[in-house]
Amino acid sequence: MSGAREVVLARIRAALCDVPADEQAAPPTAFVLGDDGLEEPAFVLRSRFAARVEDYGARVTRVSVAPAAIRAAVAQACVRHGIRRLAVPGDVPVEWLPPGIELLADEPGAPLSRATLDETGAVLTGCAGAIAQTGTIVLDGGPGQGRRALTLLADVHVCVVLVEQIVGDVSEALAAVGAVLGQTRRPVTLVSGPSATSDIELERVEGVHGPRRMEIVLAG
Amino acid sequence: MSGTSSFSEAAHVALSNSQQRRNLRQATTSIRAKRDAAVGEVDQWEALREEGRRIKDRTMRHLDVHLERLEERVTAAGGHVHWARDGDEANAIVTRLVRDAGSDEVIKVKSMTTAEIGLNEALARAGIVAHETDLAELVIQLADDRPSHILVPAIHRNRAEIRTLFRRHLADTEELTDDPAALAEAARRHLRRLFLSVDVGVSGANFAIAQTGTICVVESEGNGRMCTTLPQTLITVMGIEKVLPTVADLDVMLRLLPRSSTGERMNPYTSLWTGVADDPPDGPRAFHLVLLDGGRTETLADEIGRQALHCIRCSACLNICPVYERTGGHAYGSPYPGPIGAILAPQLAGLRDHTSLPWASSLCGACYEVCPVKIDIPQVLVHLRGRVVRQAKQDGWRGRVAGERLAMETMARVFASRRRYEAAQRTARVTARAVTRDGLVRPQLPGPLGAWLSSRDLPAPAAQSFREWWRAQPDQSDPDGHGGAA
């Protein structure tokens, strides 16, 4: 047991001598504000999500849930960016994979090297959820998403979002995130558009270190 | 750096830098408009702010409980928790951890806390190179400059200055233009090599969740993800006030922070990690969390001042502050500039080192209005002014505070007696007339009174006071109604 730990904790307790000894530290129940209890229909959430994610400079392609439609949209995104090699998580649904593209699968037992990820240039993943209000996708390392480095080093991120995965606001998404954080050690990343900076005269530039282009295939 | 060289002296220098003033005015005007639009979209913004305040207030009241819980959860998730009484101790811990990892360089996420404790300088003394990877922090590091804004540390520099800097320091930049996209591309190429090769990452933390042992870093560029994902070892230095009890509390903060900070609905990347992820493996194989006191417990002991610890580093108060917009961040002499810096820096570093900062404000209250967690900055400023004066009394009255006390005591004596008051009026009128031009009193005075008048208009006194006029009226008794003379 370190001395610093005891000293800091003792200092905190001394500083809080005004707090009644019987006051409970227990946090209150989950706070949800702005939720009027009405379920918004899926088509409203889909439109809002698409508009908000486009605001960040991402490109959205709307397709049906048919695997062939998703596959065609992924293929078109590859053509747009001149992608010939695509990194994918090992468990990505095979029916999404376009023909004629070299695929590099990243498996927990056989991970792609950083250099390979850096050179590959594009990645295809699914997601754990999406937030309509903020145009955010949630990656939690679950099925079809892979580890974080996969969606980080590529220059183009193609992400398939199913309409049923879209929730209304941040609170609903964090309820699901809370379950992952509470039960696993899997990291969670909230992604809202491509990487960006406003560090130079507060002028927004899309694409700094993370993917510079984001392609959302919105299915359903 | 000590603030006793005085905010007003430093501000004077900053005010004569017209380039910086132009850069700052343009930047703060644009970010204020973006924030207003983003906040305007939220129906119950005021209720959300109030909830943010309540969460922070309640968390601080039981900080020890939450920190012990955080430690327990981080440890259970395979992380290591270290406690540091002050900046030196934190720096020593990080230095040892980097050495133990067998590295002589680190890649860093932008972090206010590590700037506060001077981690980069401490690592340099130990022969360890710290690479800043945030674009603005890179600019600051290359220019050997100091940050002047919490969110945009190089806000005082324009694109042309940054281009000059990059052309001097980065490879293959002979053709570089001053287009921000081209400058960002140059930084990307320069830093990508470091991201792929350096094996120790150092970050701060925006939030830590006691319930799950999760650390949260909020960012835009992706350098934060790089530094917290790619290295084998990750070291996070966090002030003890950053802990939140639950994920539900994080929810409220994530709805407040981006809109207040960059004026976005959500920032591009929010990273959440819990200890070491091993099933499946994802990211660093070793995680260390350094919990820093560094004056925070002392701040916590002040029942009014402790709300400064609620700050979530959004910088909305800087962007709205009329003083900050004109002086810039350097004048505050602390890594934390602006209104929040004026109440946080003196408390963290000790009031004796920053006696002038509580006066770096016009008390207009705009900072309180925009604060996402409703820190009553004007209230704390006034409270700290009182503490500075009480402390000066204890120390036997020295310096500026002593002069002010003398002036106030003299004024009290003059105001207490009608004879003295009227005599003072007459003296002031005669004196003022000699230095009146265009209806304004413009004396060339040395010292604090001259400084006070140099930025304020004092209209010339009337030729006759009300009392004198009244007495001159036929058949009027004394204006005080007493009849006789004093």
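None of the values given here were measured: they were computed from a predicted structure. Below, chain A is the first sequence line, B the second, and so on; all start at residue 1. The analysis underlying the following values was restricted to heavy atoms, covering all of them including side chains, and did not include hydrogens, waters or symmetry mates.
- In terms of heavy-atom pairs under 4.5 angstrom with chain A, the leader among V42(B), D64(B), T212(B), N223(B) is D64(B).
- Proximity of a side-chain donor or acceptor of R185(A) to a complementary backbone N or O of V276(B) within less than 3.5 Å is detected.
- When the ring pair (Phe, Tyr, Trp, His ring centres under 6.0 Å) test is applied to H157(A), no partner is found at least two apart in sequence or on another chain.
- Heavy atoms closer than 4.5 Å to chain B are found nowhere in D140(A), neither backbone nor side chain.
- Residues I200(A) and L135(B) form a side-chain contact, since some pair of their non-hydrogen atoms from C-beta on lies under 4.5 Å apart.
- For the pair E221(B)/S195(A), no side-chain contact is recorded, criterion being any heavy-atom separation below 4.5 Å from C-beta on.
- Checked by atom type and distance alone, the side chain of R192(B) pairs as donor or acceptor with a backbone atom of H209(A) at under 3.5 Å.
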Dump the intermediate steps for side chain to side chain contact (heavy atoms under 4.5 Å, CB included) on L202(A) and S30(B), then the final yes or no.
-> CA-CA 8 Å; L202(A) 290 174; S30(B) 110; 4.1 Å; yes

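- Checked for salt-bridge contact, R157(B) and D199(A) miss the test: no charged N lies under 4.0 Å from a carboxylate O.
- The side-chain heavy atoms of D118(A) and L196(B), taken from C-beta on, include a pair separated by under 4.5 Å.
- Looking only at heavy-atom pairs under 4.5 Å with chain A, the residue among G78(B), G222(B), P268(B) that has the most is P268(B).
- Without hydrogens or angle criteria, R148(A) side chain to T229(B) main chain gives no donor-acceptor distance under 3.5 Å.
- Looking at P194(A), the atoms closer than 4.5 Å to chain B (heavy atoms on both sides) all sit in the backbone: N, CA, C or O.
- There is no contact between S113(A) and chain B, counting heavy-atom distances below 4.5 Å.
- Chain A forms the most heavy-atom pairs under 4.5 Å with one residue out of D293(B), L250(B), T299(B), T228(B), and that residue is D293(B).
- For the pair L153(A)/L230(B), a side-chain contact is recorded, criterion being any heavy-atom separation below 4.5 Å from C-beta on.
- Side-chain contact between M266(B) and Q133(A) is absent, with no heavy-atom pair separated by less than 4.5 Å.
- A salt bridge is absent between E201(A) and R25(B); no separation between the charged side-chain nitrogens and carboxylate oxygens falls under 4.0 Å.
- For a residue to count as touching a neighbouring chain, one of its non-hydrogen atoms must lie under 4.5 Å from one of that chain's; by this rule T136(A) touches chain B with the side chain only.
- Looking at heavy atoms from C-beta onward, P20(A) lies in side-chain contact with R61(B) at the 4.5 angstrom threshold.
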Could you give me the CA-CA distance, side-chain angles and deciding distance for I12(A) and I240(B), then say whether side chain to side chain contact (heavy atoms under 4.5 Å, CB included) is met?
-> CA-CA 10 Å; I12(A) 292 170; I240(B) 52 174; 4.0 Å; yes

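- Salt bridge annotation for R159(B)-E203(A): present, with a cationic side-chain nitrogen under 4.0 angstrom from a carboxylate oxygen.
- Checked for salt-bridge contact, E23(A) and R58(B) miss the test: no charged N lies under 4.0 Å from a carboxylate O.
- When each of E71(B), K34(B), E219(B) is scored by its heavy-atom pairs under 4.5 Å with chain A, the top score falls to E71(B).
- For V208(A), the parts lying near chain B are the backbone and the side chain together; criterion is any non-hydrogen pair under 4.5 Å.
- In this structure, D282(B) CG and L150(A) CG are separated by 9.5 Å, a value rounded to the nearest 0.5 Å.
- Within the model, atoms CG of L63(B) and CZ of R13(A) stand 10.0 Å from one another, a figure rounded to the nearest 0.5 Å.
- Side chains of V170(A) and R265(B) form no contact here, defined as non-hydrogen atoms less than 4.5 Å apart.
- Residues R204(A) and E264(B) are paired through a salt bridge, judged by an N-O separation under 4.0 Å between the basic side chain and the carboxylate.
- The side-chain heavy atoms of L190(A) and Y269(B), taken from C-beta on, include no pair separated by under 4.5 Å.
- For the pair E185(B) and R212(A), the salt-bridge criterion is met [side-chain N within less than 4.0 Å of a carboxylate O].
- For R306(B) and D18(A), the salt-bridge test passes: some basic side-chain N is under 4.0 Å from an acidic carboxylate O.
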Starting from the C-alpha separation in whole Å, work towards a yes-or-no answer on side chain to side chain contact (heavy atoms under 4.5 Å, CB included) for L16(A) and E303(B).
-> CA-CA 9 Å; L16(A) 293 172; E303(B) 285 181 44; over 6 Å; no

